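Following: one structure in structure tokens, then a few remarks.
Keep in mind the model is a prediction, meaning the values are calculated, not measured. Reckoned from all heavy atoms, side chains included, excluding hydrogens, waters and symmetry mates. All residue numbers refer to positions in the sequence shown, counting from 1.
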Amino acid sequence: MGSNENLPPNVIRQLAKELKSLDESPPEGIKVVVNDEDFSQICADIEGPVGTPYENGLFRMKLALPHDFPHSPPKGYFMTKIFHPNIASNGEICVNTLKKDWNPSLGLRHVLSVVRCLLIEPFPESALNEQAGKMLLENYEEYARHARLYTGIHAKPKPKFKTGAISESTTALNVGQTNNNETPGAASAIPSSVADINRVTTATSGQDQQEVANNSLAAAGSASVVTTTQKREAGLAKVQADKKKVDARKKSLRRL
């Protein structure tokens, strides 16, 4: 297991400065994972570039720094399985920046950006994965299909939960539940204003709305029948009263 003790103090200070810069201003699509106890093992999460077979994937890679860094280049590894011409089955990365083109003045930002660019533009001529390199040269669609398949299986990012999702789920679960001391449909469920009535009516399903409408029509019809009956009874009472008056007059005339 490596530790900061394996690196010279001046290198540790420079790495700390670089890592702070990467954390505060990360390169596009790259997030460095810092281990304060061991700067010799630097991990980073790389987002698959848009428009490539690696799009929507999240790839974890590692830079292993040798004890004589920066005089010797770090070794790069993909810890996430990936189908790529320049990345071996064990994750080793083949890129000139980490080999013959290495320069001690190159910083971590440059190295990480070059590795991400490798996902955009592979170099099949120097392939570590011969199958991927041959496929890329001869049948790009087949190569892209394989790369997308690996991405979908191995490089799926972890789901991000929105703030409040748990409380929203809890609220949804509590819908329709009543207090042990309450009766379903009790006063707490009764609308308290015209606005509440309108809201409840709007929220009702089409079937429920139809049922409410039918009940309203039935109630209106019942009220109409009651009103007509009352009028008819009042009319009969008036006729009977008038008849009594006529009979009384007839009796008076007979006496005369």
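Pro74 is listed as a side-chain neighbour of Leu98, based on a closest heavy-atom distance under 4.5 Å. Looking at heavy atoms from C-beta onward, Pro49 lies in side-chain contact with Arg116 at the 4.5 angstrom threshold. Inter-residue side-chain proximity for Val11 and Pro70 is flagged as met; some heavy-atom pair is nearer than 4.5 Å. By the 4.5 Å heavy-atom criterion applied to side chains, Ile12 and Asn10 are not counted as neighbours. Between Leu15 and Phe69, some side-chain heavy-atom pair lies under the 4.5 Å cut-off. You'll find the side chain of Lys62 reaches within 4.5 Å of the side chain of Gln41, heavy atoms only.
Hydrophobic clustering of Ile, Leu, Val, Met, Phe, Trp and Tyr side chains at less than 4.5 Å, counting indirect connections, keeps Phe39 apart from Val33. No continuous path of ILVMFWY side-chain contacts below 4.5 Å connects Tyr77 to Ile46, so the two sit in separate hydrophobic clusters. Hydrophobic clustering, with ILVMFWY side chains joined whenever heavy atoms are under 4.5 angstrom apart, keeps Leu149 apart from Leu58. Cluster annotation: Val111 is connected to Phe123 through the hydrophobic network of ILVMFWY side chains, with a link wherever side-chain heavy atoms come within less than 4.5 Å. Clustering ILVMFWY residues whenever any of their side-chain heavy atoms sit less than 4.5 angstrom apart, transitively, puts Leu63 in the very cluster that holds Val114.
The shortest non-hydrogen separation linking Pro66 to Leu7 is O-CD2, 3.5 Å. Pairing each heavy atom of Met61 with each of Val115, the nearest pair is SD-CG1, 3.7 Å. Of all the heavy atoms in Ala147 and Pro53, the pair that sits closest is CB-CB, 3.4 Å. Taking all atoms of both residues into account, the shortest heavy-atom contact from Thr52 to Ile120 is CG2-CA, 4.1 Å. Here the closest heavy-atom approach between residue Gly57 and residue Thr151 is recorded as CA-CG2, 3.7 Å. Among all heavy-atom pairs drawn from Pro85 and Pro124, the shortest one is CB-CA, 4.1 Å.
Once rounded to the nearest 0.5 Å, the distance linking CD of Gln131 with CG of Leu136 reads 12.0 Å. A distance of 11.5 Å separates CG in Leu119 from CD in Glu47, rounded to the nearest 0.5 Å. To the nearest 0.5 Å, atoms CG (Leu118) and CD1 (Ile87) are separated by 6.0 Å.
Of the possible polar contacts, one joining the Asn129 side chain to the Ala132 backbone as a donor-acceptor pair under 3.5 Å is found. The backbone N or O of Arg109 sits less than 3.5 Å from a side-chain atom of Ser113, completing a donor-acceptor pair. Panel note: side chain Ser25, backbone Leu22; no donor-acceptor pair is recorded below 3.5 Å. Between the side chain of Asn86 and the backbone N or O of Leu128, no donor-acceptor pair lies under 3.5 Å. For the pair Trp102 (side chain) and Asn96 (backbone), a donor-acceptor distance under 3.5 Å is absent.
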Legend entry - Val50 vs Asn56, side-chain contact (heavy atoms from CB on, under 4.5 Å): CA-CA, chis, key distance, verdict: CA-CA 8 Å; Val50 176; Asn56 297 324; over 6 Å; no
Legend entry - Test log, rule side-chain contact (heavy atoms from CB on, under 4.5 Å), inputs Lys134 and Asn139: CA-CA 8 Å; Lys134 183 179 179 181; Asn139 189 341; over 6 Å; no
Inset, instruction - Start with the C-alpha gap between Phe78 and His84, add the side-chain angles, then the distance that decides, and say whether ring pair (Phe, Tyr, Trp, His ring centres under 6.0 Å) holds. - result: CA-CA 11 Å; Phe78 264 74; His84 190 286; 7.6 Å; no
Legend entry - Criterion side-chain contact (heavy atoms from CB on, under 4.5 Å) on Arg145 and Glu141, from CA distance to verdict: CA-CA 6 Å; Arg145 189 180 71 81; Glu141 290 302 322; over 6 Å; no
Legend entry - Chi angles and distances behind the side-chain contact (heavy atoms from CB on, under 4.5 Å) call for Met79, Cys43: CA-CA 9 Å; Met79 302 169 73; Cys43 293; 4.2 Å; yes
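At most 12 non-hydrogen atoms from other residues, nucleotides or ligands lie less than 6.0 angstrom from OH of Tyr150. Glu92 CD: more than 12 foreign heavy atoms inside a 6.0 Å radius.
Taking the six-membered ring for Trp and thresholds of 30 and 60 degrees, Phe83 and Tyr143 have ring planes inclined between 30 and 60 degrees apart.
Residue pairs meeting the salt bridge (Lys or Arg N to Asp or Glu O under 4.0 Å) criterion with at least one partner in residues 13-30, sequence neighbours excluded, do not occur; the list is empty.
Look at Lys31 and Asp45 and you find no salt bridge, because none of the NZ, NE, NH1 or NH2 atoms lies under 4.0 Å from a carboxylate O.
Side chains of Asp101 and Thr97: a donor-acceptor N/O pair is absent below 3.5 angstrom, by distance only.
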